Amino acid sequence: MRCPSCGYPESKVVDSRSADEGSSIRRRRECLECGNRFTTYERLAEHPILVIKTDGSSEVFDRQKLMRGLLIACAKRPITPEKIEGLIVNLEAELRSTQRTEIKSKDLGDMVLARLAKLDDVAYIRFASVYKDFQSVEEFSQALGELG
Ligand SMILES: [Zn+2]
């Protein structure tokens, strides 16, 4: 956050409060160079969420990747892509609302399954049978793709 007055790159935060119903944080900052005070808004939605795999490695939560996996799990089922997208939006909103920055891949899978259970039994079983053995959505997508 550069000072808008002198351009100095470092500032200290003097006050933080949530804004826009918790979807962003408003910060008052003070330039360490000239003492100028200015306000910044940081959108929580832009913070990446890390998915922690069982082996301890991590990857950034990727909505598209999850979408691909779900499309395959829901293949030939009476589920519109809009419904799948709704599921993901809903899931992401829950992740963001708790302001968490990371989630275990297993917990993420469980969150998907809880939603899928309400949509379609077959898609649920496809997702459950494959997902639990995999460490990432990527691997999961590949495996489901091989199932055809
Ligand atoms: Zn300054």
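These numbers come from a predicted model, not from an experiment. Atoms within a ligand are numbered from 1 in the order they appear, just like the ligands themselves.
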Original post:
What protein atoms of element N, O or S are positioned under 2.8 Å from the Zn ion (ligand 1)?
Top reply: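 Correct list: Cys3 SG, Cys6 SG, Cys31 SG, Cys34 SG.
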Original post:
So, does Arg126 use its side chain to make a donor-acceptor pair with the main chain of Ala75 at under 3.5 Å?
Top reply: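 Judged by distance alone, yes, a pair lies under 3.5 Å.
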**OP:** State, to 0.1 Å, how close Val13 and Arg27 come at their nearest heavy-atom pair, and which atoms those are.
**Re:**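 Nearest heavy atoms, Val13 then Arg27: CG2-CD, 3.8 Å.
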**OP:** In sequence, state the C-alpha distance, the side-chain angles, and the governing distance for Tyr124 and Leu119, and then conclude on side chain to side chain contact (heavy atoms under 4.5 Å, CB included).
**Re:** CA-CA 8 Å; Tyr124 172 86; Leu119 276 186; over 6 Å; no
Donor-acceptor list for residues 79-87 side chains, cut-off 3.5 Å, not counting sequence neighbours:
unit_1 : atom_1 : unit_2 : atom_2 : d
Thr80  : OG1    : Lys83  : N      : 3.2

Original post:
Can Glu94 and Arg115 be counted as an ion pair, charged N to O under 4.0 angstrom?
Top reply: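 Yes, Glu94 and Arg115 are salt-bridged.
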Subject >> Candidate pair Glu59 and Lys65, rule side chain to side chain contact (heavy atoms under 4.5 Å, CB included), full reasoning >> reply: CA-CA 11 Å; Glu59 64 183 12; Lys65 212 183 263 185; 3.6 Å; yes
